[in-house]
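A, B, ... follow the sequence lines: proteins, then strands. Residue 1 opens every chain. All values below were derived from every heavy atom in this structure, side-chain atoms included, with hydrogens, water molecules and symmetry-related copies excluded.
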There are 2 protein chains.
Amino acid sequence: MNLEQALQLLKDKGYKYTGKREEMLKICADERRYLSARDIMERMRGNYPSLSFDTVYRNISTFVNLGILEETEFDGEGKFRLSCSTTGHHHHIICTSCGKTISVPHCPMTVMPNVAEDFVVTGHKFEVYGTCKACNE
Amino acid sequence: MNLEQALQLLKDKGYKYTGKREEMLKICADERRYLSARDIMERMRGNYPSLSFDTVYRNISTFVNLGILEETEFDGEGKFRLSCSTTGHHHHIICTSCGKTISVPHCPMTVMPNVAEDFVVTGHKFEVYGTCKACNE
DNA sequence: TATTAAATAGGAATTATTACGATTATGCAA
DNA sequence: TTGCATAATCGTAATAATTCCTATTTAATA
């Protein structure tokens with residue numbers, strides 16, 4: 001997904017256009033890696049010095065619900081990135097230092113032995129963590 | 001791992017025996033599923049009404065470092081369980097309602113394409129979430 | 001039994017996130 | 001273009017999980 005698609009989707013769904021929403025999405029589109037809510041707030045402070053937590057968290061939540069952002073959680077906080085263009089279901093190798101990702105189309109669920117007949121499976125998480133080349137230097 | 005092994009390991013490593021540590025481990029050994037720090041505290045309040053956060057969190061941290069407890073994180077909080085007897089590396093299917101688990105010896109890393117030559121891989125997480133039979137009723 | 005270092009209590013501090021009433025701004029229709 | 005209804009935002013308080021800190025207590029052992 002790119003910025004234009006994200007803004008169009010918001011419009012189609014009847015959400016109002018605001019400068020803050022555009023800037024949030026712009027930041028995510030420019031960086032294309034996992035950012036925390038605080039990361040996003042910090043990058044917006046220049047243009048919107050009086051930005052509220054509420055605005056950022058509520059908009060993030062909206063974007064996640066619409067599929068504009070992908071969400072995960074590690075190091076004790078939520079992380080968000082613009083949904084990958086990778087078609088369909090995928091996983092990530094994630095740099096825990098800068099949030100940069102590599103997409104992995106391979107999903108372990110396809111080869112999971114069906115040991116869980118007693119479980120109603122609602123989801124799964126497969127992530128590989130490490131540090132990227134740039135962060136290693 | 002069982003209660004006796006855990007207590008022995010603590011002793012071998014030079015940690016002091018305390019009733020609180022034994023009870024924490026007893027709770028984990030009896031339940032054998034993922035519990036939050038708060039879950040553990042609540043179960044101890046009867047015997048130790050003046051139990052401190054610090055005690056629980058510090059002991060959990062000690063136990064995790066010694067490999068007595070396995071740690072994960074979902075629903076915004078840390079979860080802990082007595083290390084499985086399953087030999088070696090494994091993953092879990094986890095009931096997000098009660099913390100009950102099923103061990104899965106299969107690890108997706110063994111079949112991961114090596115797309116990460118630019119990454120120094122430090123870890124990974126593979127968990128399947130759902131609700132168990134008992135919680136579904 | 002006395003000593004010493006580890007463990008704990010009690011509560012304050014931190015951090016991430018959510019909640020909420022008051023205010024402001026967007027989209028739309030007259 | 002203006003006014004209206006409602007969504008979005010602000011400012012801040014509330015929550016919730018976790019960590020930190022100091023005085024006190026306790027387990028191990030000499």
Side-chain angles (χ1 to χ4, degrees), chain A residues 6-27 34-66 68-69 71-81 96 99, chain B residues 6-27 34-66 68-69 71-81 96 99:
Chain A
L7 289 171
Q8 189 59 49
L9 182 55
L10 271 182
K11 191 172 185 178
D12 292 347
K13 293 286 182 176
Y15 289 90
K16 293 183 177 173
Y17 168 86
T18 72
K20 296 184 188 73
R21 283 182 173 160
E22 173 164 6
E23 176 137 347
M24 285 180 70
L25 292 171
K26 204 166 189 309
I27 289 166
Y34 277 112
L35 298 172
S36 67
R38 189 164 32 80
D39 289 334
I40 294 173
M41 285 202 74
E42 280 168 7
R43 284 164 177 72
M44 296 183 72
R45 193 155 304 153
N47 288 338
Y48 300 99
S50 65
L51 185 66
S52 164
F53 296 129
D54 198 40
T55 300
V56 174
Y57 278 103
R58 188 173 19 74
N59 283 338
I60 284 176
S61 171
T62 299
F63 298 157
V64 169
N65 288 336
L66 292 176
I68 293 173
L69 295 185
E71 177 179 27
T72 190
E73 179 188 344
F74 57 85
D75 289 345
E77 61 181 3
K79 314 270 189 175
F80 311 91
R81 60 156 294 151
T96 51
Chain B
L7 288 171
Q8 188 60 49
L9 182 55
L10 272 181
K11 189 171 186 179
D12 291 348
K13 294 284 183 177
Y15 290 89
K16 293 183 178 175
Y17 167 86
T18 72
K20 296 184 188 72
R21 283 181 172 162
E22 173 164 5
E23 176 137 347
M24 287 181 68
L25 293 171
K26 203 165 189 314
I27 288 165
Y34 277 112
L35 298 172
S36 67
R38 188 164 33 80
D39 289 333
I40 294 172
M41 284 202 74
E42 280 168 6
R43 284 165 177 70
M44 295 183 72
R45 194 154 303 154
N47 287 338
Y48 300 100
S50 64
L51 185 67
S52 164
F53 297 128
D54 199 41
T55 300
V56 173
Y57 279 103
R58 187 173 21 73
N59 283 338
I60 284 176
S61 170
T62 299
F63 298 157
V64 169
N65 288 337
L66 291 177
I68 293 172
L69 294 185
E71 177 179 26
T72 190
E73 179 187 343
F74 57 86
D75 289 345
E77 60 181 3
K79 314 269 189 177
F80 311 91
R81 61 155 294 151
T96 50

For atom NZ of A:Lys20 and atom C1' of D:dC10, their distance in whole Å: 9 Å
Side chains of A:Thr62 and A:Asn59, donor plus acceptor under 3.5 Å: no
Distance, rounded to the nearest Å, where A:Met41 contributes CE and D:dT9 contributes P: 12 Å
Qualifying residues under side chain to side chain donor-acceptor pair (under 3.5 Å), relative to B:Lys79, sequence neighbours excluded: B:Glu77
Nearest-Å distance for atom pair CG/C1', residues B:Asn47 and C:dT8: 16 Å
All N/O donor-acceptor pairs, side-chain side in residues 8-16 of chain A, below 3.5 Å, sequence neighbours left out:
{"unit_1": "A:Gln8", "atom_1": "NE2", "unit_2": "A:Asp12", "atom_2": "OD1", "d": "2.9"}

Any B:Thr55 side-chain N or O less than 4.0 Å from OP1/OP2 of C:dA7: no
B:Asp75 CG to C:dT17 C1', straight-line distance once rounded to whole Å: 14 Å
A:Gly76 backbone acceptor or donor facing B:Glu73 side chain under 3.5 Å: yes
Between P of C:dT15 and CG of A:Asp39, the distance in whole Å: 15 Å
Atom-pair distance (CZ on A:Phe74; P on C:dA16), nearest Å: 13 Å
Summary of salt bridge (charged side-chain N to carboxylate O under 4.0 Å, His left out) pairs that have at least one residue in residues 43-58 of chain A, sequence neighbours excluded: A:Glu31-A:Arg43, A:Asp54-A:Arg58
Separation of D:dC10 P from A:Arg45 CZ (nearest whole Å): 12 Å
Distances under 3.5 Å between nitrogen or oxygen atoms of protein and nucleotides 27-30 of chain C:
{"unit_1": "C:dG27", "atom_1": "OP1", "unit_2": "A:Tyr17", "atom_2": "N", "d": "2.8"}

Sequence-aligned protein contact record of nucleotides 14-21 of chain D, with B where the base is within under 4.0 Å of a protein heavy atom and S where only the sugar-phosphate is: ---SBBBB
Those residues that, when tested against A:Glu71, pass side chain to side chain donor-acceptor pair (under 3.5 Å) (two or more places apart): none
Those residues that, when tested against A:Asn47, pass side chain to side chain donor-acceptor pair (under 3.5 Å) (two or more places apart): A:Glu23
Contacts of B:Thr55 that satisfy side chain to side chain donor-acceptor pair (under 3.5 Å) - sequence neighbours left out: none
Any pair counted as ring pair (Phe, Tyr, Trp, His ring centres under 6.0 Å), so long as it reaches residues 34-65 of chain A, sequence neighbours left out: A:Tyr34-A:His92
Sugar-phosphate only, base, or nothing, as touched by B:Arg58 at under 4.0 Å among non-hydrogen atoms: base
Whole angstrom value for the distance that separates C1' of C:dA6 from CG of B:Leu10: 13 Å
